[in-house]
Q: 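The structure is given below, and queries will be raised subsequently.
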Amino acid sequence: MDTFLLKNINTPGSADISVYKKSGGYKSLKKALKMKPEDIIDEVKRAGLRGRGGAGFPTGMKWDFASRDKNFPKYLLCNADEGEPGTFKDRPILEKDPHLLIEGMAISAHALQAEQGYIYLRAEYPAAKKILEDAIDQAYEDGILGEGIMGSKTNFDLAVHRGAGAYICGEETALIESIEGKRGQPRLKPPFPVNVGAWGKPTIVNNVETLSNLPLIIEIGADAYSKIGNPDCPGPKLYSVSGFVNKPGVYELPMGTSLKDIIYDHCGGIKNGGNLKAVIPGGISTPILPPDKIDCQMDFVSLPKCGSMLGSGAVMVFDESVCLVKVAARAMYFFEHESCGKCTPCREGTGWLRNILERIENGLGRRGDVELILEVASNISGKTFCPLGDGAAGMVLSFIKHFSDEFDEHIENKKCSVN
Amino acid sequence: MSRKVRKEGYPSTRSELLGALHTKQYDEGWLSQDGLKAVSDDLNVPAAAVKGVATFYHMYHNEPMGRNVIQICTNVACMIMGAESLVDLLKKEYGLEPGGTTDDKRFTLVIMECIGACGTAPAMLVNDDFHENLDEKNIIEILNGYK
Amino acid sequence: MITVTINEKDIELEKPVTILEAARQGGITIPTLCYFEGLEKFGGCRLCLVEVEKLPKLQTACTVMVTDGMVVRTETDTIVKARRAMLEFLLINHPLDCPYCDKAGECDLQDLVALYGPDSGRFAEGKRQHPESFDDPIIVRNMERCVNCKRCVRMCEGVQGDSAITVTGRGSHSFIEPFSGGRYDCEYCGNCLTVCPVGAIMSRLHRHSYRPWFVEKEIESLCGFCGVGCSMVLQMRENTILRTIPRMDLGINKGLLCAKGRFGYDLVESSKRLTAPLVRKNGKLVPVSWDEALGTVAEKLGDIKGMNGGGLIAGIASARCTNEANYVFQRFFRETLLSNNIDSIARSFYIPAQNYLEGIFGQGVTANLISGIGNSDAVVIAGGDPTKINPVLGLQIRAAARKGARVISLSDSEGLKRFGSSQLISSAGSENILYGAVVRMLMEGSDVPGKNKALDEALQKLDAPKDKDVESRTGVSVADIGKAVDELKSAKNVSIVLGPDVLLRDGMRGLFLMASMIYLTDARVYLLSERPNEQGLADVGCLPDTLAGGRPVELSSFREKYEQEMGYAVPEKAGMGLFEMVEAMEKGSIKAAYVMGDNPVFNMPSSHRVRNAFKALEFLVVQDAFMTETAQMADVVLPAAIWSEKDGTFVNLERRIQRLHKAKNSVGGLEDWKIIVKIAGLMGSKMSFGSAKEIWEEICKASHLYGSLSYEDLESDKALWPYKGEPLRSGEAAVEVPEDHGTAPEVVVYADRSLFHSGSFSRYSAALNSIQSEPYAMMHSDLAGRIGVKDGDKVRITSGNSSLELVSMINDEIRDGSLRVPNVFEGVCVMSLIDYEPDDSSAINVQRTSGLKVEKA
Ligand SMILES: Cc1cc2nc3c(=O)[nH]c(=O)nc-3n(C[C@H](O)[C@H](O)[C@H](O)COP(=O)(O)O)c2cc1C
Ligand code: SF4
Ligand code: FES
């Protein structure tokens, strides 16, 4: 398939505006600026674009809500927090093709009549900060940002806001708190950010990849776009693949490519000819799947039917050398570490689960521990303030659902049979 | 044409806090009580609130750091690719414990959650530099470059 | 109308509220932990989860708003299980040290676990540990018990506005801490103690000394420290106050208190209390019986009165005493001693300022509800920091600012630093010029309002300073002033808050300019009041020229009417005011003085002069609870009951009349009015009162202002005068334009009004002293630099013939050139450095220093 999102990343000097323009960059923006904002929103709706940050919310619908709010100014925030373990799909755009994102944001800003945008960039990407800022400078010099962009009547200012190491700030309301200079704890909803967001104003938060789809939608039009991949949630999708495959990396494939194709065709199969033991399809907040589920298509509608979720499209592949109890314990350590502390079940429950998982891993598990995990996890599930806690509970529940033998074995034998 | 809002321009000065803390940390290596107070005074943000922010985010250091901060990821993708043995190696080689600093203040070791290099795991950041596809050999070579 | 069905019960609601509030209205209890009425919504503890039909997930009742037709269930199996799960989660890191936790018995967590389980714990690993912090003298933090509800932080940030504490760390490693991590550097309002649902933040004062169930009775009363008059509850066991707490639903303060109100109660039980009457014998004060002491007073006062009538005797009443005590005091002076020489320290600011403003705008102009400030869209502050002088009133200004009001400070007001839109801080001593500039700019581009002829004419004569003079003399840019004035002009609802320095430093000119500002912006005005009953003093006639109810002494028709109604005659000639009394003492035309509940030789400016004047007296009686500087000079000292030991009423600065309730007996002290009634009786008076209530009834007769309010009416929390909220008389006074005094010297000494002290009274509170126990000389680092001192160095301040050595305290939030010393601590009387002198055109005195020298000691 033709790549779009990643087409420039291997071009030398791809982060430079002239290189970007040479490959047709900023033509879509020029075209979009001549369109009426509501027409762009309509186009995005018809294109069927769904958010690539994890939740898969229809982007056109979100924009529609925001544009109905007549309170100004409005803010456009790009979620470049990319914190979901296993995910590294936004990084190539941020580091190699910043102008694609800037163009996408400028189109979105015009559509949303947001005159100010911020890229909320995770602090773990220091190189990207400089690259983005240089690109923004170039865009200003070129009249692509600022007052009357590309000679139009649209104004758009853009700046980078650097996070400081907190997974929860990927959650959009926590991200807003963080942009406001606060501890990144999620806010109550309603009011929703599209009405009351950053600094109390209507605010649109979209993922890097989502926004980077805009130039394509404008270029080829909603009809052509909606024919890419699964018609229920079309478009190109970036999959970041890690773990035991021969060729890990970021792949741009049509939405709905099967997990099997990704692993075996694109990534060259299991590393060193090993056997597949399990795969996490969408980052560690999404349920793990056993090998018999790998025919599943990787998109927002198919994965739930197979018992998982697309999440951020971060495929983590485990072969038989991996102890899944250990993976679960490490993943739970992550959730405990990243729990913001606002709500009781997530704050206390993740630590408790990590304790139980670690003791099982260390051969100190007790009879009843698996049941205890199930109970604690279900006491978290559905009761937390934001989805972080749900992700933690869902993760461990899926491990036990598919791999309870491995847990029992640890408890019985008081040791791990893999390591 | 330069506009009113560029780069660190925000509708409220409180929003400058994260950036101000980064700058302070860059200048002084860590965020001391005095450093926090100075940021508080500069931005007219209550000192306690500054502290609340400085301790919430994992990449702000509230303790003195060595000259070079090794930030190694041990999250799942890096772990299964051997990050733990690298951590052990750092202990053997430099006497570094997670969270610890070498006596000569050359290195501080910080365990990171996912740093977005899962496809090239294991990986670490040393100060602001990414190093990927680490193994027991190259990690020491890389670190030798940091004095 | 909205109808919701909760547990099959239909609840009708006028407006949308949360499910929790709806349930409460319908008498249904939903357990909560992080919810606290009045704080920002949070929804973190997840205890209030309920089922809402058609919604897949459980919802938090404390945050979700009801909609018409909503069907809610609060006690299903799923919910009960979830609730138990949340409690189990909370307990895994909780130390379960209830046996020695002071909160046991009033702990929300304990109560919830008792109600909903779990009955055993399944968590096996070690709990999170955090050492208990005893770094602070007043507040003890035990973060192992913290449930992360953030109620304290939401209170501190969102209501108190101090933002002194924060959540540090993240996740289960989150703890509540002040910035230092140890000792608090805060306003010590203690409102975090009110809201903490568990034993995580507690008062250290009564640590391990009692259990909540030891409380035998709760007495609703008032705080006795300042003119706001916060409601509070005294929790008593036998004759001891266990602690004071606010009631959330009551009073002006609705659950808030300041440091003094919350922690200062221990002064009642100070070991320094006077317990027996003292009479000077052979130069020494020795304990005697009440009979002997009172007999001595009656005899001496009788002798002196016999010499040349009551005019030889001066009476100083007290703004810390009740209306009842003050009324009896003035009646004793007028009826028995035949003297109108009655005044008080309120003469320095509150009374003359009020007289002046009432003269222009009408009686009752300063009677404005404190809560009104919170609804203003602009607040102007001059003459002192409201958040220090009247802290709970200060909170209303912060609340207004949070709602978007412009707060314009024309004087140092550190407490509003983060809330003010304009801080126009002129160089020390040049406030007059700044005020003048504001008034001039307010007039620019518009005609005089035309509502008050006298003021209109005066304003047209105003010689306001020119722009260039303003900048050079005040150091404030004209553009900044202009911006503030524009904000004021566009505001519809302005409040002006005036503190003592408007008069003390700026004299009549200051007051005139403030009156002009009030006039030009059509503002509500508030006079800050440092003591609890300054207004009451005036109301009940503790004034040389005015009887209770504001009737002028010198009008014979009033006097006659008064005599008919009250049954006692009043001397014809107006008496002496406070400052005249001092002069008369110096000249020998006053030979005796009776001081009730004040410490004039410490509290009055030119304290050396005042002291010498008192020394010249033939006879001095001091009625007080402590051996004050003035009491030490007395011939007879009569121990008095204070605050929680007496019944009576106070009138606060908005003229709310409130009841003070007796909670305990005084050890040795008697209620002020009882002492005076006894002396009067010995001197032949027929005055007889059996209770404070009987005195109140007479006051209501004497003062038509109070209508016929009964003590019962006063309990309703709504007793304000002028009772119907109307000014009683319109202003008619002619208005002079007082002269511009020019700029004051480079350094100006101010009495620092600390948030933690209240005159020389609070020095007897061990708790308040533990927050601030030392005198200091507060100054800006620039001034410190000029005299070559560093923070903590000793400085010597000399003025006239007195000199003080103090530790310097550098604070860059106050203006350069001001030197602030608290007038609190024994032996350090800043009033010895400050002189008073009459302001040209009036009987009003202003404070000055002469030949001030500040140097490194
Ligand atoms: C705990 C948590 C972490 C998240 N992290 C990210 C993230 O790192 N990057 C991201 O784009 N979205 C993240 N999201 C999703 C955002 O909340 C939000 O849905 C997204 O930014 C919306 O953009 P989109 O519609 O373009 O996907 C996270 C959500 C949760 C609950
Ligand atoms: S689930 Fe609760 S504690 Fe966890 S991150 Fe979300 S709000 Fe914070
Ligand atoms: S009371 Fe509702 S979540 Fe705490």
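Sequence lines set the chain letters: A, B, ... in the order given, protein chains first and strands last, and positions in each chain run from 1.
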Q: What's the separation between atom CD in A:Glu358 and atom CD in C:Glu125, rounded to the nearest 0.5 Å?
A: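 Those atoms lie 8.5 Å apart.
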Q: Is atom CD of C:Glu75 surrounded by more than 12 heavy atoms (other residues, nucleotides or ligands) closer than 6.0 Å?
A: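 Atom CD in C:Glu75 is crowded, with more than 12 foreign heavy atoms closer than 6.0 Å.
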Q: Heavy-atom distances under 4.5 Å only: say whether C:Lys150 touches chain A with side chain, backbone, both or neither.
A: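 Only the side chain of C:Lys150 comes within 4.5 Å of chain A.
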Q: Counting only heavy atoms from other residues, nucleotides and ligands, does the tally under 6.0 Å from CG of C:Asp68 exceed 12?
A: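 Yes, enclosed.
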Q: Testing the basics here: between A:Leu188 and C:Lys41, what is the closest heavy-atom pair and its distance to 0.1 Å?
A: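 Looking at all heavy atoms of both residues, the closest pair is CD1-CB, 3.6 Å.
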Q: Measure C:Thr168 against the heavy atoms of chain A and call it side chain, backbone, both or neither at under 4.5 Å.
A: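 The backbone, not the side chain.
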Q: Between C:Glu88 and A:Glu375, is the side chain to side chain contact (heavy atoms under 4.5 Å, CB included) condition met? List the steps.
A: CA-CA 12 Å; C:Glu88 184 177 25; A:Glu375 210 182 308; 5.5 Å; no
Q: Counting only heavy atoms not in A:Glu371 (residues, nucleotides, ligands), do more than 12 fall under 6.0 Å from its CD?
A: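 Yes, because the 6.0 Å sphere around CD of A:Glu371 holds more than 12 heavy atoms from other groups.
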Q: Please report the interatomic distance OG1(A:Thr344) to CD1(C:Ile92), rounded to the nearest 0.5 Å.
A: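 Reported value, rounded in 0.5 Å steps: 10.5 Å.
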Q: Can you measure from CZ (C:Arg46) to SG (A:Cys346) and round to the nearest 0.5 angstrom?
A: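 Taking CZ in C:Arg46 and SG in A:Cys346, the distance rounds to 10.5 Å.
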Q: Mark yes when over 12 heavy atoms from residues, nucleotides or ligands other than C:Glu132 sit less than 6.0 Å from its CD; otherwise mark no.
A: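 Enclosed.
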Q: Find the one option among A:Gly382, A:Gly184, A:Pro190 whose heavy-atom pairs under 4.5 Å with chain C are most numerous.
A: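 Max contact count across the listed options: A:Gly382.
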Q: Heavy-atom distance under 4.5 Å to chain A: side chain of C:Leu90, backbone, both or neither?
A: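 Both backbone and side chain.
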Q: With a 4.5 angstrom heavy-atom cut-off, is it the side chain or the backbone of C:Val64 that approaches chain A, or both, or neither?
A: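 For C:Val64, there is no contact with chain A at all, as no heavy atom is under 4.5 Å.
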Q: Heavy-atom distance under 4.5 Å to chain A: side chain of C:Ser172, backbone, both or neither?
A: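 Contact with chain A: backbone and side chain both.
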Q: Of all the heavy-atom pairs spanning C:Ser174 and A:Cys340, show the shortest one and how long it is.
A: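 Answer, listing the atom of C:Ser174 first, then A:Cys340: OG-O, 4.3 Å.
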Q: Taking all non-hydrogen atoms of both residues into account, name the closest pair between C:Val167 and A:Arg183 and its distance.
A: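 Nearest pair, atom of C:Val167 first, then A:Arg183: O-NH1, 2.6 Å.
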Q: Sort out for me which of A:Ile380, A:Asn379, A:Val376 touches chain C most, counting heavy-atom pairs under 4.5 Å.
A: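 Answer, by heavy-atom pair count under 4.5 Å with chain C: A:Asn379.
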Q: Rounded to the nearest 0.5 Å, what separates atom CD in A:Glu348 from atom CZ in C:Arg128?
A: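 Answer rounded to 0.5 Å: 6.0 Å.
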Q: Counting heavy atoms not belonging to A:Lys401, are there more than 12 under 6.0 Å from its NZ?
A: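 Counting other residues, nucleotides and ligands, NZ of A:Lys401 stays at 12 neighbours or fewer.
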Q: Show your working on side chain to side chain contact (heavy atoms under 4.5 Å, CB included) between C:Phe42 and A:Lys342 and close with a plain yes or no.
A: CA-CA 9 Å; C:Phe42 189 65; A:Lys342 181 167 186 166; 3.6 Å; yes
Q: Check whether any side-chain heavy atom of C:Arg170 lies under 4.5 Å from a side-chain heavy atom of A:Ser339, and answer yes or no.
A: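 No, too far: nothing below the 4.5 Å cut-off.
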Q: Under 4.5 Å from any heavy atom of chain C, what part of A:Arg187 do you find: side chain, backbone, both or neither?
A: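 Looking at A:Arg187, nothing touches chain C.
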Q: Can you tell me if CG on C:Asp97 sees more than 12 non-hydrogen neighbours from other groups inside 6.0 Å?
A: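 For C:Asp97, atom CG is crowded (more than 12 foreign heavy atoms under 6.0 Å).
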Q: Is there a side chain to side chain contact (heavy atoms under 4.5 Å, CB included) between A:Lys383 and C:Thr60? Walk through the geometry before answering.
A: CA-CA 9 Å; A:Lys383 298 174 193 69; C:Thr60 42; over 6 Å; no
Q: Roughly how far, to the nearest 0.5 Å, is OG of A:Ser381 from NZ of C:Lys57?
A: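 These two atoms lie 8.0 Å from each other.
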Q: Can you confirm whether C:Lys15 is buried at NZ, in the sense that more than 12 heavy atoms of other residues, nucleotides or ligands lie under 6.0 Å from that atom?
A: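 Open.
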